[in-house]
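Note sheet for the following structure.
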Amino acid sequence: MLIRHAKPSDVASHEITPRDVYLRRRDMIASTGLIAGSMALGWGGDANAALYQGPGVHTPLTNVVEGYRKLGEKDPVTPYEAASSYNNFYEFGTGKEDPAENSGPFKPRPWTVTVDGLCANGGVFDLDDFLKPHQLEERIYRLRCVEAWSMVIPWIGISLADVVNRFEPSGSAKYIQFETVERPEEMNGQRSRFILPWPYVEGLRLDEAMNPLAILAVGMYGEVLPNQNGAPLRLMVPWKYGFKNIKSIVRISFVEQRPKNTWAVVTPSEYGFYANVNPKVDHPRWSQRSERRIGDFLRRETLMFNGYEEEVSSLYADMNLKTNF
Ligand code: MTE
């Protein structure tokens, strides 16, 4: 049985036309009963750990339910090959092909996540223990990079709101901060301080983190995340520009002060903390009014909040989105 958290604005899943690659994988997974486990128990930790076969080997995820999904139009899913070969992950180099080419030696297992700061029950968790209490859901989301290209990707992840609730942030916690792992021996880009200051840092206001659209992803296209897409754990907040979606997270902190997110530190005139997709606020060097969907010939209009306005605009009701970019 598929458990569906429906919203009135949902597009029926049969209206979304996944490209053949995803269809083939999904059919294969569904026919072997790996997706759509009934009343699933979450990560299914040991089972998936046992299935994990190392980088470059496709590892199906079990016990996944269909989560909230809404597309503003009938967007076809981007082919897996494109989503896993055209990436931004500067820890492996600045070229789009670099992450796929250079992330082979990276080891996303074993993995620990530290939860600390202003919360009642933080700690250091093995990834399986971190994920175990949560339900894995598939969410098909648009990803809109600040560089004006976009994709549609079926992610598998856990609700960030559930994670926040579980660790019980105190009243003084106003933000949640995320940090990427630092492993220069496995991440060639981190051997240079001239690329970015490491570790990569991102953050959200706590009420943004509680929005039902926000997830921590562990997979895509029915399988464990490939290294180049941020294995084993990354953020996905689809109403924001892609750089908010920090990859390979090792630390989650509840903090009072607004986190100093990497791109806003490096180029504050071009990148801010909020990074909400906004076709009316241009990047200083290019327009944000339209985007190139990877695989399409013609550009398409960029939608306010990447098409998730109904779900998130109330978070910013009192804000000037031109100055808070
Ligand atoms: N996270 C880390 N740690 N390092 C990065 O360089 N790049 C960001 C984001 N997360 C980045 C990161 C940017 S700019 C984008 S657009 C998305 O990851 C790209 O995600 P994808 O490669 O899975 O499409």
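Values in this document were obtained by computation on a predicted structure and should not be read as measured data. All ligand and atom numbering here is 1-based and tracks the order in the structure.
Residues forming a side-chain contact (heavy atoms from CB on, under 4.5 Å) with Glu270 (at least two apart in sequence, or on another chain): Thr267, His283, Pro284, Arg285. Applying the side-chain contact (heavy atoms from CB on, under 4.5 Å) rule to Ser287 yields the partners Asp282, Arg289; only residues at least two apart in sequence or on another chain are considered. Every residue two or more places apart in sequence or in another chain that forms a ring-ring contact (aromatic ring centres under 6.0 Å, His included) with Trp111 is listed here: Phe106.
Within 6.0 Å of NZ in Lys96 there are more than 12 heavy atoms belonging to other residues, nucleotides or ligands.
The protein residues lying under 4.0 angstrom from ligand 1, judged by non-hydrogen atoms, are Asn87, Asn88, Phe89, Tyr90, Glu91, Leu143, Cys145, Thr180, Tyr200, Asn229, Arg234, Gly242, Phe243, Asn245, Ile246, Lys247.
Annotation: cation-pi pair Arg166/Phe130 present, NZ/CZ under 6.0 Å from the ring centroid and within 45° of its normal. Annotation: cation-pi pair Lys244/Phe273 present, NZ/CZ under 6.0 Å from the ring centroid and within 45° of its normal.
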